[in-house]
Amino acid sequence: MSSQSPIVAAPPEHVVRRIRRLRRGELPCDAVELARYLIGKSVVREFTLGSAARRIAGRVVETEAYIPGDAAAHAFIGPTPRNRSLFLERGHAYVYFCYGMHYMLNVSAESVGIGAGVLIRAIEPIEGIDLIERRRGTKRLLDLARGPGRVAEALRIGPRLDGIDLCAPGPLWLGTSVRGSDAIGTSVRIGITKEAHRLLRFYERGSPFVSGPKGLSREKNFL
DNA sequence: CGGCTGATGATCT
DNA sequence: GATCATCAGCCGG
């Protein structure tokens, strides 16, 4: 596989329509387990464009867990106005602004009052690809949502979605997987300096939609 | 393909 | 004033 266009086909519309919203009870009540669980699941964005209802959906292929007591986690310093969504019951969105220009989507983990989350680092676009291309300003499929900043831009996620329930009907929710997922690889997390040795990044093995240095997503990381 | 860097602003010390 | 859970663009091999 080189720099040529990848052999990846989005599922046809009738398959995509089968996505069912995940109930909160289906989400593991543990950030690490949740991070693994979310690989292969769907993220669905619903919004109106002009007067038309539109939908964008993707398949999660890469996550990172930020666990209680983790110095690299935003929740580590305790609740603040910025990170309060991390302390919500599992399955809520924590959206924050980083590096002055990117938003990032996390799914709160654990139970109420415990600050933990799962960063969605990459998704494979499966529905509304034309809308994503327009928003992202590129037609390169692999660049549409590879990396957490790109995920948020692809899904039109901004500060207004911070704190919303991802297990309820609304503009953004988690759904079942549209296709069986491959084995899950593990590695250190990307872009942090504290707690850098912890193996809390998870990704779908072999997926070209996964972000980060190639060496982090190789065979050797499969346990 | 890999490595480097400037952009750009909220949050916290 | 430093520190970011980043990205696009540019440069070299």
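It should be emphasised that the depicted structure is a prediction, and the values quoted were computed from it without experimental measurement. So you know, we letter chains A, B, ... as the sequences are listed, proteins then strands, and number each from 1.
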Q | Distance-only side-chain donor-acceptor flag, Ser207(A) / Glu124(A), under 3.5 Å | A | no

**Q.** Value in whole Å for how far the P atom of dC12(B) lies from NE2 of His74(A)
**A.** 10 Å

Q) Do you know the tightest heavy-atom contact between Val210(A) and Val61(A)? A) CG2-O, 3.6 Å

Q: Could you tell me whether the side chains of Asp162(A) and Ser85(A) share a donor-acceptor contact shorter than 3.5 Å?
A: yes

Q) Is the CZ atom of Arg84(A) crowded by more than 12 outside heavy atoms at less than 6.0 Å? A) no

(Q) Generate the contact string for nucleotides 6-13 of chain C. Rules: B means base contact, S means sugar-phosphate contact only, - means no protein heavy atom under 4.0 Å. (A) BSS-----

**Q.** Mate of dC11(C) where both pairing distances stay under 3.5 Å, Watson-Crick or G-U
**A.** dG2(B)

Q) With ring centroids as reference points, do Tyr96(A) and His74(A) lie under 6.0 angstrom apart? A) yes

Could you list the donor-acceptor pairs under 3.5 angstrom formed between side-chain atoms of residues 147-161 of chain A and any protein atom two or more places apart in sequence or on another chain?
{"unit_1": "Arg150(A)", "atom_1": "NH1", "unit_2": "Arg146(A)", "atom_2": "O", "d": "2.7"}
{"unit_1": "Glu153(A)", "atom_1": "OE1", "unit_2": "Arg136(A)", "atom_2": "NH1", "d": "2.9"}

Q. Is the NZ or CZ atom of Arg189(A) both under 6.0 Å from the centre of the six-membered ring of Tyr66(A) and within 45° of that ring's axis?
A. yes

Q) Where the side chain of Lys214(A) is defined as all heavy atoms beyond and including C-beta, which of dA5(C), dC4(C), dG2(B) is the nearest nucleotide? A) dG2(B)

Q: Could you tell me whether a side-chain N or O of Thr63(A) sits under 3.5 Å from a main-chain N or O of Leu119(A), the two making a donor and an acceptor?
A: no

Q. Which base, if any, makes a Watson-Crick or G-U wobble pair with dA5(C), both distances under 3.5 Å?
A. none

Q.
Does anything in residues 76-91 of chain A come within less than 4.0 Å of DNA chain C? Heavy atoms only, and list the residues if so.
A. none

